[in-house]
Amino acid sequence: MCRGFEEQETRRDDGGCRRIRAPVSCDLCGENAAVYCEADTAFLCRKCDRWVHSANFLARRHLRRVICTTCRRLTHRFLVGDNFSVVLPESKDKDTS
């Protein structure tokens, strides 16, 4: 399952179940998440990410994975620092999920 989505089960008209994907919400404010911080185990929107990761020099060192704005999946792009202008190059390790 993509880490950028939560799967939800719904009932079809014929009684069968199907799985749909929904964007993951920011753990702090509920808006659509833009990044995932593994150190904090949190999905965050841009505003909350900036607020959390500008708190101190330790938080500014957290690497966060960017969520694709089109498909809502985690990309291989990472952020570091307290704003979205600092983007590291793509990771050479391919994610198998």
Side-chain angles (χ1 to χ4, degrees):
M1 179 171 70
C2 174
R3 298 286 303 267
F5 282 94
E6 294 174 345
E7 287 194 356
Q8 299 174 346
E9 195 172 283
T10 60
R11 289 260 175 220
R12 294 190 311 220
D13 291 337
D14 62 3
C17 292
R18 66 184 172 120
R19 295 197 181 270
I20 59 172
R21 291 183 167 188
V24 172
S25 299
C26 173
D27 290 334
L28 297 179
C29 72
E31 294 293 321
N32 283 341
V35 296
Y36 175 73
C37 178
E38 191 170 324
D40 294 327
T41 60
F43 287 97
L44 300 167
C45 69
R46 287 179 180 236
K47 178 182 164 189
C48 292
D49 177 65
R50 191 173 300 115
W51 178 72
V52 168
H53 291 102
S54 64
N56 59 52
F57 75 97
L58 292 173
R60 279 191 285 276
R61 293 195 285 181
H62 290 179
L63 291 176
R64 284 103 63 213
R65 282 184 78 175
V66 176
I67 298 173
C68 177
T69 58
T70 303
C71 70
R72 305 300 300 157
R73 295 180 184 209
L74 290 176
T75 65
H76 292 284
R77 298 194 62 102
F78 295 84
L79 300 179
V80 66
D82 59 355
N83 62 48
F84 269 63
S85 64
V86 182
V87 179
L88 299 177
E90 289 191 14
S91 170
K92 297 203 186 288
D93 297 328
K94 293 295 179 188
D95 190 8
T96 57
S97 57

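Numbers here simply count residues along the sequence, with the first being 1.
Separation of atoms CZ (Arg50) and SG (Cys45) is listed at 9.0 Å; rounding is to 0.5 Å. The distance from atom CG of Asn32 to atom OG of Ser25, rounded to the nearest 0.5 Å, is 6.5 Å.
By the side chain to side chain contact (heavy atoms under 4.5 Å, CB included) test, Ser54 pairs with Asp82, sequence neighbours left out.
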If you apply the rule side chain to side chain contact (heavy atoms under 4.5 Å, CB included), what do you find for Val24 with Tyr36, and how did you get there? CA-CA 10 Å; Val24 172; Tyr36 175 73; over 6 Å; no
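At a threshold of 4.5 Å between non-hydrogen side-chain atoms, the residues Arg64 and Leu44 do not count as touching. With contacts defined as side-chain heavy-atom distances shorter than 4.5 Å, the pair Phe43/Ile67 qualifies.
By the 30° and 60° cut-offs, the orientation of the rings of His62 relative to His53 is perpendicular.
Sequence neighbours left out, not one pair with a member in residues 24-48 passes salt bridge (Lys or Arg N to Asp or Glu O under 4.0 Å).
Side-chain N or O atoms of Arg65 include one that pairs as donor or acceptor with a backbone N or O of Thr75 at under 3.5 Å. No donor-acceptor distance shorter than 3.5 angstrom exists from the side chain of Arg77 to the backbone of Cys68, with no hydrogens or angles considered.
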